[in-house]
Amino acid sequence: MYKCSECGAEYKTKPDYCDCGNDRFETIEPKKKDYSVLFLLLCVILSVVILSFSTGNKTTETKTETKTTTTPPTKITPIPEPKPQPKPIIQQKTITTQQKPVIKPKPVIVVNTKEAQDYKIKLRNALFLKLDVTNIQGSGKCGIQFSVNQEGKLINRAFSFQSDNKTLNDEVYKMLMRMPKYDTPPQSYKGELIKITIEFNNGEYEISLR
């Protein structure tokens, strides 16, 4: 017999490897049968048989009275089924929201006085001097818009619409960037948007206030 030194599995023949993967085994010598115990047990049985024959066939009957105790039946009281409780009535309240009337902003009516109009014309002419017309090719039309604050700074500068002609758009954008500030506006100018349209047609051009 061979016994694995790792998991303890026993084999009759020595294998190369155990199921656990170990390759080291211990040799187990077979145990010798002890016949002295069997001989002693046989003697005891023989002595019991001899004693039984010597005493004869005397039997003592022992009556065992078994008392049966009857337990009274237990009364099973039925459990009353719970009565269904009435479901609470949930009253749904309808909430009516009153729509507030939409207050439309009043349109700002810009009254161009002669002083304010002259200021815008001078500003348009100053912008035109910043426009490099030699870099514009072909034809096209675009629009710009801006406001002027109290210090004369041009704010909110943007295209109101652009042209399909990229050279026109590029030069108009550069024109706006070249003049970030102008003279302070007159008191009659209330900060309204100044809109200018630039139109080119193969060398001919027009710049107008809207």
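Just so you know, residue 1 is the first one in the sequence shown, and it goes up from there.
- Partner of M175 under the side chain to side chain contact (heavy atoms under 4.5 Å, CB included) criterion, chosen from I144, L129, I196: I144.
- Residues E6 and R24 are paired through a salt bridge, judged by an N-O separation under 4.0 Å between the basic side chain and the carboxylate.
- Pairing each heavy atom of F200 with each of V133, the nearest pair is CZ-CG1, 3.4 Å.
- Inspection of the S147 and R157 side chains reveals no N or O donor paired with an N or O acceptor under 3.5 Å.
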(message) Between V148 and I194, does the side chain to side chain contact (heavy atoms under 4.5 Å, CB included) criterion hold? Intermediate values first, please.
(response) CA-CA 8 Å; V148 184; I194 299 173; 4.1 Å; yes
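- For K120 and E192, the salt-bridge test passes: some basic side-chain N is under 4.0 Å from an acidic carboxylate O.
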(request) May I have the step-by-step check of salt bridge (Lys or Arg N to Asp or Glu O under 4.0 Å) for D170 and K174, ending in yes or no? (result) CA-CA 6 Å; D170 292 344; K174 293 176 183 178; over 6 Å; no
(request) Report the C-alpha distance between D118 and K122 in whole Å, list the side-chain angles of each, state the deciding distance to 0.1 Å, and finish with yes or no for salt bridge (Lys or Arg N to Asp or Glu O under 4.0 Å). (result) CA-CA 6 Å; D118 292 342; K122 291 178 182 179; over 6 Å; no
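- Neither side chain, S163 nor N165, offers a donor N or O lying under 3.5 Å from an acceptor on the other.
- Clustering ILVMFWY residues whenever any of their side-chain heavy atoms sit less than 4.5 angstrom apart, transitively, puts Y173 in the very cluster that holds M179.
- Taking CD1 of I198 as the start and CG of L127 as the end, the distance is 8.0 Å to the nearest 0.5 Å.
- Between Y2 and Y11, the ring centre distance reaches or exceeds 6.0 Å.
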